[in-house]
Amino acid sequence: MKKSVKASNTHLIKRVRTGIPGFDDLVQGGFPLNSSVLVCGGPGTGKTIFCLQFLVAGALESNEKGLYITFEQRAEALYKQAIQFGWELSSLEKKGLLKIISIPLEKITEKTIKDIQQVVKKEGIKRIVIDSLSTLVVNAPIYTTPSELAVKDVMGENIIFSPPIIGDFIVKRFIYGFIEQLRALNCTSLLISEASQSGEYISRDTLSEFVCDGVVLITFEALGGEFSRSLIVRKMRETKNDDNVHALEIGKNGMIIHKIN
């Protein structure tokens with residue numbers, strides 16, 4: 001009896017359609033509204049394309065404003081990558097449906113997060129992409145001043161003081177805090193992250209996969225001399241997601257997720 005109630009409740013949750021052919025069927029029609037989703041994979045797997053397509057579809061199909069924050073590349077590089085799929089990002093920007101903000105690594109400060117929050121609220125953003133969480137995590141120490149750290153936060157009664165303890169605490173606190181701040185903005189967010197090189201964790205930071213509401217893992221492997229991409233939804237809260245591995249194709253119109261034959 002309880003199982004049937006739980007299953008029926010998932011259909012009452014508001015969904016945000018990604019517009020990526022084949023993907024929404026894997027997550028009961030789309031991401032849960034205002035959820036935070038980790039898009040994880042190695043270099044060249046298609047993480048940026050997945051996220052751009054999410055924003056473009058939101059603008060064209062749902063008239064929802066999107067924001068792409070990149071710490072990894074210049075806006076011009078995104079324009080060039082998008083145009084090969086027929087996505088004219090500059091046109092969407094002129095219509096007020098898309099905003100791209102490129103922040104160089106050396107320009108990231110303790111005010112960066114607050115600046116992002118202000119843009120989201122001012123522009124009425126409904127979809128946001130952070131590219132990438134991995135870059136922010138590397139620079140996490142700049143978000144914390146010595147006065148914000150109490151010894152009790154990083155040391156137990158029998159712990160010997162060590163700088164790595166403080167560093168690990170700062171990174172973990174930053175990940176939790178940043179994702180919670182995104183949730184408070186009432187927009188659906190995708191956070192790009194590099195995949196872990198070991199099999200124990202999905203993400204390189206080893207923590208965001210637990211904090212985020214969902215995890216989408218994209219892989220790129222050599223099969224019989226040919227490269228093949230695949231996608232799996234490893235986790236999606238409030239969703240009975242398809243947890244099978246699906247072939248992923250990047251064509252002239254963007255990304256397509258194929259059904260299992």
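Given the structure is predicted, the values throughout are model-derived calculations rather than measurements. We're numbering straight along the sequence, starting at 1. Heavy atoms only: backbone and side chains are in, while hydrogens, waters and symmetry mates are out.
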K.L.:
R229 side chain to T45 main-chain N or O, any donor-acceptor pair under 3.5 Å?
P.N.:
yes
K.L.:
Would you compute the distance between atom CD of Q118 and atom CD of E123 and round it to the nearest 0.5 angstrom?
P.N.:
11.5 Å
K.L.:
When rounded to the nearest 0.5 angstrom, what is the spacing between CG in L97 and CG in N63?
P.N.:
5.5 Å
K.L.:
Is the closest side-chain donor-acceptor distance between E221 and S228 under 3.5 Å?
P.N.:
no
K.L.:
Scan N186, I128, D115 and name whichever one has a side chain to side chain contact (heavy atoms under 4.5 Å, CB included) with V120.
P.N.:
I128
K.L.:
Take K65 and L98, measure what side-chain contact (heavy atoms from CB on, under 4.5 Å) needs, and give me the verdict at the end.
P.N.:
CA-CA 6 Å; K65 294 182 178 181; L98 178 66; over 6 Å; no
K.L.:
Hey, does V119 have a side-chain heavy atom less than 4.5 Å from the side chain of L67?
P.N.:
yes
K.L.:
Is a side-chain donor or acceptor of K235 paired with a backbone partner of F210 at a separation under 3.5 angstrom?
P.N.:
yes
K.L.:
Run R183 and N34 through side-chain contact (heavy atoms from CB on, under 4.5 Å) and show every step you take.
P.N.:
CA-CA 6 Å; R183 286 197 182 104; N34 299 334; over 6 Å; no
K.L.:
Applying the 4.5 Å side-chain criterion to the ILVMFWY set and letting contacts propagate, would L133 and M236 be lumped into a single cluster?
P.N.:
no
K.L.:
Working to the nearest 0.5 angstrom, can you tell me the gap between T112 OG1 and I103 CD1?
P.N.:
5.5 Å
K.L.:
With a 3.5 Å distance limit and no angle check, can you tell me whether S193 reaches the backbone of S132 through a side-chain donor-acceptor pair?
P.N.:
no
K.L.:
Going by heavy atoms in the side chains, are Q73 and D131 under 4.5 Å from each other?
P.N.:
yes
K.L.:
Would you check if the side chain of H258 reaches a backbone N or O of A247 as a donor-acceptor pair within less than 3.5 Å?
P.N.:
no
K.L.:
If you group Ile, Leu, Val, Met, Phe, Trp and Tyr by side-chain heavy-atom gaps below 4.5 Å, do L78 and I69 land in one group?
P.N.:
no
K.L.:
So, for G66 and L55, which heavy atoms are closest and what is the spacing to 0.1 Å?
P.N.:
CA-CD2, 4.0 Å
K.L.:
Hey, mind stepping through S134 and D205 against side-chain contact (heavy atoms from CB on, under 4.5 Å) and telling me if it holds?
P.N.:
CA-CA 7 Å; S134 301; D205 62 70; 5.5 Å; no
K.L.:
Just by distance, do the side chain of E209 and the backbone of S203 share a donor-acceptor pair under 3.5 Å?
P.N.:
yes
K.L.:
Is there a side-chain contact between V233 and V27 (heavy atoms, below 4.5 Å)?
P.N.:
yes
K.L.:
Atom OG in S35, atom CZ in R15: separation rounded to 0.5 Å?
P.N.:
8.5 Å
K.L.:
So do R234 and V216 actually touch side chain to side chain, heavy atoms under 4.5 Å?
P.N.:
no
K.L.:
Under 4.5 Å between side-chain heavy atoms, counting indirect links through other Ile/Leu/Val/Met/Phe/Trp/Tyr residues: same cluster for F174 and I116 or not?
P.N.:
yes
K.L.:
Report yes if some heavy atom in the side chain of I130 is under 4.5 Å from a heavy atom in the side chain of F71; otherwise report no.
P.N.:
yes
K.L.:
In this structure, would L185 and V129 fall into the same cluster of hydrophobic residues linked by side-chain contacts under 4.5 Å?
P.N.:
no
K.L.:
Could you state whether I232 and I250 fall into the same hydrophobic cluster, counting links through intermediate Ile, Leu, Val, Met, Phe, Trp or Tyr residues with side-chain heavy atoms under 4.5 angstrom apart?
P.N.:
no
K.L.:
Can you tell me how far apart CD (E76) and CD (Q81) are? Round to the nearest 0.5 Å.
P.N.:
13.5 Å
K.L.:
With rounding to the nearest 0.5 angstrom, report the CD1 to CD distance, I175 to E180.
P.N.:
12.5 Å
K.L.:
Compare every heavy atom of S196 with every heavy atom of Y201, then report the nearest pair and how far apart it is.
P.N.:
O-CB, 3.2 Å
K.L.:
Assess whether side-chain contact (heavy atoms from CB on, under 4.5 Å) is satisfied between Q117 and L182, documenting all intermediate values.
P.N.:
CA-CA 8 Å; Q117 291 175 323; L182 285 180; over 6 Å; no
K.L.:
Would a distance-only check, ignoring hydrogens and angles, find a side-chain to backbone donor-acceptor pair under 3.5 Å from Q53 to F50?
P.N.:
no
K.L.:
Using atom types as modelled and distance alone, determine if a side-chain donor or acceptor of D213 lies under 3.5 Å from a backbone N or O of R237.
P.N.:
no
K.L.:
Which pair of heavy atoms, one from L136 and one from I108, lies closest together, and at what distance?
P.N.:
CD2-CD1, 4.4 Å
K.L.:
Which pairs with one or both residues in residues 75-124 pass ring-ring contact (aromatic ring centres under 6.0 Å, His included), sequence neighbours excluded?
P.N.:
F85-W87
K.L.:
If you count heavy atoms of other groups shown closer than 6.0 angstrom to CD of Q84, is the number above 12?
P.N.:
yes
K.L.:
Side chains of T219 and S230: any donor to acceptor distance under 3.5 Å?
P.N.:
yes
K.L.:
Should L92 and V56 count as side-chain neighbours, where that means a heavy-atom distance under 4.5 Å?
P.N.:
yes
K.L.:
Hey, is the main chain of L33 close enough, under 3.5 Å, to the side chain of T188 for a donor-acceptor pair?
P.N.:
no
K.L.:
Among L191, I218, L231, find the residue that satisfies the side chain to side chain contact (heavy atoms under 4.5 Å, CB included) test when tested with V39.
P.N.:
I218
K.L.:
With a 4.5 Å cut-off on side-chain heavy atoms, are L190 and F54 touching?
P.N.:
yes
K.L.:
Write down the atom of P32, the atom of E238, and the distance for their closest heavy-atom approach.
P.N.:
CB-OE1, 4.1 Å
K.L.:
Determine whether the aromatic ring centres of residues F31 and F23 are separated by less than 6.0 angstrom.
P.N.:
yes
K.L.:
Taking all heavy atoms of V37 and all of V215, pick out the closest pair and write down the distance.
P.N.:
CG1-N, 4.4 Å
K.L.:
Is K47 reaching over with its side chain to a backbone N or O of G42, donor-acceptor style, under 3.5 angstrom?
P.N.:
yes
K.L.:
Please determine which of R127, K126, R17 meets the salt bridge (charged side-chain N to carboxylate O under 4.0 Å, His left out) test together with E64.
P.N.:
R127
K.L.:
Taking the side chain as everything from C-beta on, heavy atoms only, tell me whether I20 gets closer than 4.5 Å to I257.
P.N.:
yes
K.L.:
Could you tell me whether the side chains of Q28 and T239 share a donor-acceptor contact shorter than 3.5 Å?
P.N.:
no
K.L.:
So which heavy atom on I202 is nearest to which on C40, and how close?
P.N.:
O-SG, 3.5 Å
